[in-house]
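Structure first, commentary second.
Lettering of chains follows the sequences in order, A, B, ..., and the numbering in each one begins at 1. Nothing here was measured: the structure is a model prediction, and the numbers come from that model.
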Amino acid sequence: MIIKSENFNLKQIADSGQCFRMLEIDKDTYSLVAFDRYIELKQIDDETIELSCDEDEYKEIWHNYFDMDYDYSHIYKRLISGDDEFLRDAASFGKGIRILQQDPFEILISFIISQNKNIPAIMSSIEAISRMFGEEKASGSRTYYTFPSPKALSMVSLEELREAKLGYRDKYVQNAARLVASGELDLNLLKKSDPRVAFKELNNLLGVGPKVANCISLFGLHHLEMVPVDVWIKRSIEEVYDNKFDWDEYEGYAGIVQQYMFYYMRFGYNKED
DNA sequence: TTCCAGGTGGACA
DNA sequence: TGTCCACATGGA
């Protein structure tokens, strides 16, 4: 089926570092595994996306996954007409970025794995744990592996996790999976709770510092005001703003602003092409 | 080969 | 409370 939106670009979303299972399989065409489903998406033009699912599945899963009820054009227009030149450029460059509503458990584990790894290495570890501990499924002739459930992952040994190249993060992943599987950590509750409370609880987990807790809050709990500060954001605030940047100016959607900055800093700013 | 990666825990001052 | 460093491993 076809959907239309001015602010929806598959490449920008796939490269924005929030989602590790969206792969370019052909020109302008991506595969994606999420919520135990497999889908293929094609960017037809700037505002048209073709999805390989029917309307029922779209309504059930993907409409919400791609956060279609949030008005990104409103944020985009505000930045593009603002007086901050860097943010004007960043928003223009990443016009099609959206904050996906991904599975909180998958995001929790994915961003615990992400620390001190580059994005390709994160993707390969996540693919490995899905192959090893997820469920094998088929979509047409294509085989794919769902992200492991909390229960499945909670029963895995540290040795098995090491085989997925998690390195020293093995115990962090095992600990988090066990807490979710036992019900001690309730991510769905955190999604509904105050963002500061959720952040604190995540930050208390072993292997989860402020950066990862913010990523889980923004990408897993859809707390759009939370701002992960990584090397790229640090770099932009140092180089562009002389270490003076006030996130409070973007109250309620600072996380989206952060995402424009991240994407622009990585792929647009100071680049020849 | 060397350096770096969407960082964090633990030791120490 | 702030700074320093080890940590596993792959990708460039």
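- Residues A:F219 and A:Q259 have side chains in contact (heavy-atom distance under 4.5 Å, counting atoms from C-beta outward).
- The CD1-P distance, from A:I122 to B:dT8, rounds to 12 Å in whole Å.
- Between A:Y172 and A:V227, the one whose closest nucleotide on DNA chain B sits nearer the 5' end is A:V227.
- Judged by centroid separation below 5.5 Å and plane tilt below 30°, A:F262 stacks onto the base of B:dG6.
- A:G17 comes within contact range of at least one nucleobase, with a heavy-atom separation under 4.0 Å.
- Across all strands shown, A:S110 has no heavy atoms under 4.0 Å from either base or sugar-phosphate atoms.
- Taking atom P on both nucleotides, C:dC4 is separated from B:dG6 by 24 Å, rounded to a whole Å.
- Summarising the geometry, the separation between CG on A:L206 and P on B:dT8 is reported as 12 Å, rounded to the nearest angstrom.
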Begin from the C-alpha positions of A:N7 and A:Y70 and carry the test side-chain hydrogen bond (donor to acceptor under 3.5 Å, both in side chains) through to its verdict. CA-CA 11 Å; A:N7 300 86; A:Y70 191 88; over 6 Å; no

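- Remark: C1' of B:dG7 and CG of A:N214 are 13 Å apart, rounded to the nearest angstrom.
- Ring planes of A:Y269 and A:F86: perpendicular class, angle over 60° (limits at 30 and 60°).
- Note: CE (A:M123) to C1' (B:dA5) measures 15 Å, nearest angstrom.
- In this pair, A:F66 and A:W62 present their aromatic rings tilted. The plane angle is within the 30 to 60° band.
- Contact annotation for A:K165: backbone-only contact, meaning every heavy-atom pair under 4.0 Å involves sugar-phosphate atoms and none involves a base.
- No contact: A:F20 has no heavy atom under 4.0 Å from any strand.
- If you measure from atom CD1 of A:I119 to atom P of B:dC4, you get 17 Å, rounded to the nearest angstrom.
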Taking Watson-Crick and G-U wobble contacts under 3.5 angstrom, with | marking pairs to another strand and [ ] crossing pairs, the secondary structure of DNA chain C is written |||||||.||||

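- Contact check on A:D242 versus A:K244 returns a salt bridge, with a Lys/Arg side-chain nitrogen under 4.0 Å from an Asp/Glu carboxylate oxygen.
- Look at the P atom in both C:dA8 and B:dA11: the space between them is 15 Å, to the nearest Å.
- Using a 30° and 60° split on the angle between ring planes, A:Y263 and A:F267 fall in the tilted class, from 30° to 60°.
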One pair to check against side-chain hydrogen bond (donor to acceptor under 3.5 Å, both in side chains): A:D71 and A:S73. What are the steps and the verdict? CA-CA 5 Å; A:D71 185 5; A:S73 71; 2.7 Å; yes

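- A straight line from OH of A:Y168 to P of B:dG7 spans 9 Å, rounded to a whole angstrom.
- Atoms CD1 (A:I113) and C1' (B:dG6) sit 14 Å apart, rounded to a whole Å.
- Nearest-nucleotide positions on DNA chain C for A:R169 and A:S124 put A:R169 closer to the 5' end.
- Ranked by how close their nearest DNA chain C nucleotide is to the 5' end, A:R162 and A:P120 are led by A:R162.
- Counting all heavy atoms, side chain and backbone alike, A:L224 lies closest to A:G252 at CB-O, 3.7 Å.
- For A:V229 and A:V208, each mapped to the nucleotide of DNA chain B holding its nearest heavy atom, the one lying further toward the 5' end belongs to A:V229.
- Between A:Y260 and A:Y264, the distance separating the two ring centers is not shorter than 6.0 angstrom.
- Side chain of A:Q258 to main chain of A:V227: no donor-acceptor pair is present (N/O by atom type, distance under 3.5 Å, no hydrogens or angles).
- Taking a cutoff of 4.0 Å between a charged side-chain nitrogen and a carboxylate oxygen, A:R142 and A:E40 qualify as a salt bridge.
- Between A:I237 atom CD1 and B:dG6 atom C1' there is a gap of 14 Å when expressed in whole angstrom units.
- Not a single donor-acceptor pair, N or O on each side, falls under 3.5 Å between the base of B:dG9 and the side chain of A:Q115.
- Residue A:L205 is in sugar-phosphate contact alone, with no base atom involved, counting any heavy-atom pair closer than 4.0 Å across all strands shown.
- Protein chain A contacts DNA chain C from C:dC7 to C:dG11, reading 5' to 3' and using non-hydrogen atoms of the protein with a distance under 4.0 Å.
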